[in-house]
Amino acid sequence: MSVRVRFAPSPTGPLHIGGVRTALFNYLFAKRNNGKFILRIEDTDRSRYVPGAEDHIKESLKWLGIQWDEGPDVGGHYGPYRQSERVNIYKEYAELLVKKGHAYYAFDTPEELEAFRDRLRKSGVPNPQYNSITRQYMRNSLTLPAEEVKRLIESGTPYVIRIKVPRNREIKFYDVIRGWVSFNSNELDDKVLFKSDGFPTYHLANVVDDHLMEITHVIRGEEWIPSTPIHVLLYEFFGWEMPKFAHLPLILRPDGKGKLSKRAAIEAGFPIYAIKWTDPKTKEENPGFREIGFIPEGLINVLALLGWHPPEDREIYTIEELIQYFELERVGKSGAQFNFEKAKWINQQHILKLSPEKLMAYARPFIKEFFPEGIEESKLLEAMLVMRERGTTIREILELTKSVFERPEIEQVINLLPEWNDNVKAALQDFINYIESEELDPSQIPTKIKDIAKKWELKKGKFMLTIRVVLTGQKAGPPLGELLKIIGKNEVVNRLKLVLNAKEERK
RNA sequence: GGCCCCAUAGUUUAACGGCUAGAACACCGGCUUUUCAGGCCGGGGGUCCGGGUUCGAUUCCCGGUGGGGCUGCCA
C-alpha cells in the first residue's frame, strides 16, 4: 500500500512555524516513501473561522516549496479537501455509530452542561467528565424514553451525538515515535462527535476523512496524544483499519517554559510565522521569516532539525537531501526549544550557497525598501556578493550593502579614527593620489597601502583600519580592495577628501 | 488535581548494553603582522536522582524529581 499522509490545519488563524514543521515532516515522509502529501482544511469550527487564514496557510507552504499532491486548488480523487464542503457525509457516519450502539444523542444545553460541571467542581471534582457514570444523570438517548428522544429530534430540539466510551477498558496504540501508549477508558470523556450546528467535531471528521482518503500515517503534534484513544475507539467501532500514528514533539519557547506561542516568539525577537500575517480584525501586522530575510532553503533546514536528526554529523541540508534521509524513527521524543541564533546561522549557510542569480532574486523584494532611489542591480549584486558572509539574513546583507553606498557620518568617522597626525594625513594624501592616478585594481590595493604605510612609518594594520573608518565609518567589513571597488574610485576620493578637510577645519 | 508524554553540555542533538560520551549553535582563548564584529585553530562545559538487571549501563526495568501536553458542542 502506498503511503498517503495529510497535513490538516484549521483555518482558525495563520499558520505558525509549529504547524509548518508538522507539514514539513509529513511532506518529507511522503516524498521519502514515494507517497502522496495531502492538504486538508479542517474548517469545522465556523465560530472561530478567520478570513484569510486558509490563504495564509497555503501561501506559507508554497513559499517553502511544500507542495501538496492533493488538496484545495489542486484537487485529487478523494475530494473535496475542505471539510466544510464535506459536511453532508459526517452525519451519516455519526448516526451509523448510534445505530451500532457506540454513540448516542444528547440534548443537554450548554447551560445545563455548565451547571453540571459547576456542581461537580464544587463537590471536589477538578475536571468533571461526561462519561459512563455521569451520562446516566444527563438528558440523552440513553436515559430518555425512546419516544421522547424521537419527539425531541423531530421537534427540532438541538442535540449533539456523543461517543459512548466503554467502561474500564484498556485502549492502546502503537506510536511510531514513542512506542506503545495506553489509556484506561474510564479516563475518557464521551466526546461530542457531531455538534448541534450540523458540523462534526475534529474527532469524527478526522477519523472519517482519514479513512475515506486512505491515509496510511497520521503524523501530527504531540498535543493530540490524549485524544488519540477516542480515535482508536472510533476506528474500532467503524470496523476500519487504523492508520499508523506518529506524534511529533512540541516546539518549545526559547526559555523552555511551555510550547512556542506568538507572544513568546515576539518577546524573544523572532517571527512565529513563515510569512507575514495581517490580522483582518485588528489590522495588526506580524512579519514572518520571509520578511526578516530568511530564505525558504534555510527555514526548511531549521525546522527539519527541530526534533529530527539525520544519520550524518552535519547540519546543512537541501530539501532533496532531507527527503533522502528522512525517517520517522529518527524523530526525537522530547520537546525542542527554538534557538533563533542557530536558525540564523543555518540560514546564513544556505545564503552562502546561493547562486548570484538566486541571491539577487531573494533580495529583489527588499530593494525598494533599502534603496528608495533605486539602484543598478549589477552594482547591488556585486556589493552583496562581497558582504554576504557577514550577514545571516537577506535583510542584514542588504543593510550592510546599503551602508557601503552611503557616505558615513563625519562625526562617527572622527570618533572611530584610530590615529591622526601629520604622517597619517600625508599617507592619506598619497593614497588619494594613487587612487586618482590608476585604474582601481582590488588585488593591488593591499600592497599599495603597505608601501604607503612604510613610507610614512605607520603600522600597516592600523593604517588600513584608518582607511576603512574614513571610508565607511565602520571598524570592520570586507577586505579593503573589494570595498574600494564597490564604493568606486570617485567616491573613494571624495570621502577621503571630505574627512581630510573636516579634520583641517576643526583644528 | 487527574491522565498522558518527556528527561545527554546553556540550546539542538549523536550513541539503538561495551571506545577518553561525538557534533553544531552560543561562550571563552589563540592565530591571522592584509584591518575584523570576518576566517582558521583550540578550550571549558553533559548522561536529573535513587534503586535494581548485567561481567558491563546514557542505553533495559522500577521508584522519585523536574519539565511539558491534555483535561470544550476548539482544533
Side-chain angles (χ1 to χ4, degrees), chain A residues 8-13 42-45 47-48 106 108-110 113-114 117 121 124-130 158-162 175 177-178 181-184 186-189 191-203 205-206 220-229 247 249-250 252-259 302 305-316 329-330 332-346 349 387 389-390 418 445-447 449-450 453 459-469 474-481 483:
Chain A
S10 166
T12 50
E42 308 226 328
D43 54 351
T44 53
D45 183 355
S47 67
R48 290 204 308 155
D108 319 280
T109 64
L113 285 171
E114 183 69 20
R117 292 197 180 100
R121 265 193 282 263
V125 182
N127 59 324
Q129 286 182 296
Y130 200 119
Y159 65 88
V160 301
I161 296 176
R162 286 180 182 270
D175 187 290
I177 295 168
R178 290 149 209 279
V181 180
S182 62
F183 295 80
N184 183 294
N186 291 354
E187 296 139 16
L188 269 34
D189 251 8
K191 291 284 183 208
V192 170
L193 301 177
F194 195 81
K195 300 182 277 185
S196 59
D197 64 1
F199 280 74
T201 58
Y202 172 84
H203 306 295
N206 115 85
R220 80 234 290 195
E222 181 185 339
E223 67 270 27
W224 290 107
I225 292 178
S227 52
T228 305
H247 290 94
L250 260 18
L252 271 19
R253 323 169 17 129
D255 58 13
K257 296 259 167 227
K259 59 176 173 179
V302 168
L305 258 27
L306 234 44
W308 171 79
H309 197 273
E312 285 181 30
D313 222 1
R314 61 187 174 100
E315 29 271 296
I316 304 304
E329 286 72 18
R330 294 194 68 88
K333 300 190 238 293
S334 47
Q337 296 179 31
F338 189 83
N339 185 334
F340 191 40
E341 290 308 313
K342 184 156 185 178
K344 283 193 286 192
W345 175 79
I346 291 173
Q349 301 309 305
M387 304 306 280
E389 69 183 33
R390 282 156 197 283
I445 297 293
T447 356
I449 289 178
K450 199 170 143 191
K459 291 186 89 171
K460 45 205 144 146
K462 212 173 195 179
F463 184 50
M464 282 187 121
L465 183 59
T466 302
I467 294 178
R468 177 185 300 285
V469 168
Q474 302 289 320
K475 288 170 81 174
L480 269 185
L483 187 64

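Throughout, a chain's letter reflects where its sequence line sits, starting with A, and its residues are numbered from 1.
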Fill in: Identity of whatever pairs with B/G22 - Watson-Crick or G-U, under 3.5 angstrom
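Matched B/G22 with B/U13 under the 3.5 Å cut-off.
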Worksheet item: Looking across every strand, which nucleic acid part, if any, lies under 4.0 Å from A/V125 by heavy atom: base, sugar-phosphate, or nothing?
Response: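 Since no nucleic acid heavy atom lies under 4.0 Å of A/V125, the category is nothing.
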Fill in: Interatomic distance, A/H247 NE2 vs B/G69 P [rounded to whole Å]
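After rounding, the gap between these two atoms is 16 Å.
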Worksheet item: Out of B/A37, B/C5, B/A75, which has the shortest distance to the side chain of A/S10?
Response: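 Minimum distance to the A/S10 side chain belongs to B/A75.
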Fill in: Length of the CD-C1' vector between A/Q337 and B/C25, whole Å
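So the CD-C1' distance, A/Q337 to B/C25, works out to 13 Å.
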Practice prompt. Report the distance from atom NZ of A/K259 to atom CG of A/L250, rounding to the nearest 0.5 Å.
Written response: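 Reported value, rounded in 0.5 Å steps: 6.0 Å.
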Practice prompt. For A/P249, report the nucleic acid contact type (base, sugar-phosphate, nothing); a contact means any heavy atom under 4.0 Å.
Written response: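 Contact class for A/P249: none.
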Discussion item. Nearest to the side chain of A/E341, heavy atoms from C-beta on, is which of B/A26, B/A75, B/C73?
Written reply: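 For A/E341, the side-chain atoms sit closest to B/A26.
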Worksheet entry | For atom CH2 of A/W345 and atom P of B/A37, their distance in whole Å |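 Distance check: A/W345 CH2 to B/A37 P gives 21 Å.
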Worksheet item: Does a distance-only test, which skips hydrogens and angles, find a donor-acceptor pair under 3.5 Å between the side chain of A/K475 and the base of B/A37?
Response: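 It does not, because no donor-acceptor pair links the side chain of A/K475 to the base of B/A37 below 3.5 Å.
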Discussion item. Expressed as a whole number of angstroms, how long is the span from A/I316:CD1 to B/C25:C1'?
Written reply: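 Answer to the nearest Å: 10 Å.
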Discussion item. Using heavy-atom distances to pick each residue's nearest nucleotide on RNA chain B, tell me which of A/E389 and A/V192 is more 5'.
Written reply: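 On the 5' side of the pair lies A/E389.
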Practice prompt. Identify the nucleotide, in any strand shown, that forms a Watson-Crick or G-U wobble pair with B/U54, with both distances under 3.5 Å; if there is none, say none.
Written response: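 No nucleotide pairs with B/U54.
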Practice prompt. Write down the distance separating the C1' atoms in B/A24 and B/A9, rounded off to the nearest Å.
Written response: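 Roughly 12 Å separates the two C1' atoms.
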Worksheet item: Quick one: is B/C70 close enough that its OP1 or OP2 comes under 4.0 Å of any side-chain N or O from A/K259?
Response: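 For B/C70, OP1 or OP2 has a side-chain N or O of A/K259 closer than 4.0 Å.
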Worksheet item: Any salt bridge between A/R253 and A/D255, counting N to O under 4.0 Å?
Response: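 A/D255 and A/R253: salt-bridged.
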Item to complete: Mind checking the CZ-CG spacing from A/F199 to A/D43? Nearest 0.5 Å is all I need.
Response: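 So the CZ of A/F199 and the CG of A/D43 are separated by 7.5 Å.
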Worksheet item: What is the base-pairing partner of B/G42, counting Watson-Crick and G-U wobble geometry with both distances under 3.5 Å?
Response: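 Here B/G42 is engaged in a pair, and the nucleotide opposite it is B/C28.
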Discussion item. Using a 4.0 Å heavy-atom cut-off, does A/P478 contact any base of the nucleic acid, only the sugar-phosphate backbone, or nothing at all?
Written reply: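 Here A/P478 touches the bases of the nucleic acid.
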Discussion item. Under 4.0 Å, heavy atoms only, any strand: does A/P229 hit a base, just the sugar-phosphate, or nothing?
Written reply: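 If one applies the 4.0 Å heavy-atom cut-off, A/P229 turns out to touch nothing in the nucleic acid.
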Practice prompt. Choose from B/G69, B/U35, B/C4 the nucleotide whose nearest atom is closest to any side-chain atom of A/E223.
Written response: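 My answer, after comparing the listed nucleotides, is B/G69.
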Discussion item. Heavy atoms only, 4.0 Å cut-off, all strands: where does A/G124 land among base, sugar-phosphate and nothing?
Written reply: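 Result for A/G124 = nothing.
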Worksheet entry | Among B/U35, B/A14, B/A75, the nucleotide that comes nearest once only the side chain of A/H309 is considered |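 The answer is B/A14.
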Worksheet item: For A/K195 and B/C74, is the shortest distance between a side-chain N/O and OP1 or OP2 below 4.0 Å?
Response: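 Yes, A/K195 has a side-chain N/O under 4.0 Å of OP1/OP2 on B/C74.
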Worksheet item: Base, sugar-phosphate, or nothing: which does A/S196 touch, judged by heavy atoms less than 4.0 Å apart?
Response: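 Counting heavy atoms under 4.0 Å across all strands, the contact made by A/S196 includes a base.
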Discussion item. Closest approach to the side chain of A/E315, judged atom by atom: which nucleotide of B/C73, B/G67, B/A24 is it?
Written reply: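 For the A/E315 side chain, the nearest candidate turns out to be B/A24.
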Worksheet item: Which part of the nucleic acid, if any, lies within contact of A/N206, taking any heavy atom under 4.0 Å across all strands shown: a base, the sugar-phosphate backbone alone, or nothing?
Response: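 Since no nucleic acid heavy atom lies under 4.0 Å of A/N206, the category is nothing.
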Worksheet entry | Any side-chain heavy-atom pair of A/E222 and A/P249 under 4.5 Å |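 Touching, per the 4.5 Å side-chain cut-off.
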Worksheet item: What's the spacing between A/E315 CD and A/K342 NZ if we round to 0.5 Å?
Response: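 Here the rounded value is 5.0 Å.
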Worksheet item: Nearest heavy-atom pair of A/L305 and A/P310: which atoms, and what distance?
Response: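 Closest heavy-atom pair between A/L305 and A/P310: CD1-CD, 3.9 Å.
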Item to complete: Could you tell me whether A/F338 contacts a base, only the sugar-phosphate backbone, or nothing, with contacts defined as non-hydrogen atoms closer than 4.0 Å?
Response: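 Result for A/F338 = nothing.
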Practice prompt. Determine the Euclidean distance between corresponding P atoms of B/C73 and B/G66; express it in Å to zero decimal places.
Written response: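 That atom pair is separated by 32 Å.
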Discussion item. Nearest to the A/R390 side chain among B/A14, B/A75, B/G38, which nucleotide is it?
Written reply: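 So the nucleotide nearest the side chain must be B/G38.
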Discussion item. What's A/T466 touching, base or sugar-phosphate or nothing? Going by heavy atoms closer than 4.0 Å.
Written reply: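 No contact at all - A/T466 keeps every heavy atom at 4.0 Å or more from the nucleic acid.
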Item to complete: For B/G64 and B/U71, measure between their P atoms and round to the nearest Å.
Response: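 Approximately 26 Å lies between the P atom of B/G64 and that of B/U71.
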Worksheet item: How long is the line joining CG of A/D175 and P of B/C70, in whole Å?
Response: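 Going from CG in A/D175 over to P in B/C70 covers 17 Å.
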Discussion item. Using heavy-atom distances to pick each residue's nearest nucleotide on RNA chain B, tell me which of A/L252 and A/N339 is more 5'.
Written reply: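 Comparing both residues, the 5'-ward one is A/N339.
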Practice prompt. Determine the contact category for A/T44: base if any of its heavy atoms lies under 4.0 Å from a base atom, sugar-phosphate if only primed atoms, P, OP1 or OP2 are that close, otherwise nothing.
Written response: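 If one applies the 4.0 Å heavy-atom cut-off, A/T44 turns out to touch the sugar-phosphate alone, with no base involved.
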Practice prompt. With rounding to the nearest 0.5 Å, note down the distance linking CG in A/L465 to NZ in A/K475.
Written response: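 A/L465 atom CG to A/K475 atom NZ measures 7.0 Å (nearest 0.5 Å).
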Worksheet item: Between B/C4, B/C5, B/C74, which nucleotide gets closest to the side-chain atoms of A/E222?
Response: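 Shortest atom-to-atom distance from the side chain points to B/C5.
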Worksheet entry | Gap in Å between the two P atoms, one belonging to B/G2 and one to B/A23, rounded |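 About 44 Å, rounded to a whole number of Å.
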Worksheet entry | Touch class at under 4.0 angstrom, heavy-atom based, for A/R162 against every strand present |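 The answer is sugar-phosphate, as A/R162 gets under 4.0 Å only of primed atoms, P, OP1 or OP2.
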Worksheet entry | Protein-nucleotide distance (A/W224, atom CH2; B/C70, atom P), rounded to Å |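 One finds 10 Å between P of B/C70 and CH2 of A/W224, rounded.
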Fill in: Rounded distance in Å between the P positions of B/U33 and B/U47
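My reading of the P atoms in B/U33 and B/U47 gives 41 Å.
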Worksheet item: Expressed in angstrom and rounded to an integer, what is the separation of A/L465 atom CG from B/A37 atom C1'?
Response: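 Computing the A/L465:CG to B/A37:C1' distance gives 12 Å.
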Worksheet item: Expressed in whole Å, how much space separates the P atoms belonging to B/C31 and B/G69?
Response: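 To the nearest whole Å, 48 Å.
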Discussion item. If I take atom CE in residue A/M464 and atom P in nucleotide B/A37, what distance separates them, rounded to the nearest angstrom?
Written reply: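 After rounding, the reported distance stands at 15 Å.
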Worksheet entry | Atom pair CZ (A/R162) and OG1 (A/T201), whose distance is rounded to the nearest 0.5 Å |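 Reported to 0.5 Å precision, the distance equals 10.0 Å.
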Item to complete: May I ask you to verify whether the side chain of A/R48 and the base of B/C74 hold a donor-acceptor pair under 3.5 Å?
Response: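 Donor-acceptor pair under 3.5 Å: yes.
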Fill in: Distance, C1' atom - from B/A75 to B/G67, rounded to whole angstrom
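My reading of the C1' atoms in B/G67 and B/A75 gives 24 Å.
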Discussion item. Just verifying a value: how many Å separate A/T228 OG1 and A/H203 NE2, rounded to the nearest 0.5 Å?
Written reply: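 So the gap between those two atoms works out to 10.0 Å.
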Worksheet item: Are A/R117 and B/C73 close enough that a side-chain N or O sits under 4.0 Å from OP1 or OP2?
Response: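 Checking B/C73 against A/R117, a side-chain N or O does come within under 4.0 Å of OP1 or OP2.
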Discussion item. Give me the distance, rounded to whole Å, that separates B/G10 from B/C48 when you measure between the C1' atoms they each carry.
Written reply: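 Result for the C1' pair: 16 Å, nearest Å.
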Item to complete: Would you mind telling me which of B/C5, B/C25, B/U13 lies closest to the side-chain atoms of A/A336?
Response: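 Selected nucleotide (nearest to the side chain): B/U13.
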Item to complete: Could you let me know what B/U65 is paired to, Watson-Crick or G-U wobble, both distances under 3.5 Å, or none if it's on its own?
Response: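 Because both required distances fall under 3.5 Å, B/U65 counts as paired with B/A7.
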Practice prompt. Of all the heavy-atom pairs spanning A/T466 and A/P418, show the shortest one and how long it is.
Written response: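 Smallest interatomic distance, heavy atoms only, reads OG1-CG, 3.4 Å.
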Discussion item. Need one value for A/R330: base, sugar-phosphate or nothing, where a base atom within 4.0 Å counts as base even if backbone is also close, heavy atoms only.
Written reply: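 Answer is sugar-phosphate: A/R330 comes under 4.0 Å of backbone atoms only.
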Worksheet item: Is there a Watson-Crick or G-U wobble partner for B/U33 with both distances under 3.5 Å, and which nucleotide is it?
Response: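 Across all strands, not a single nucleotide pairs with B/U33.
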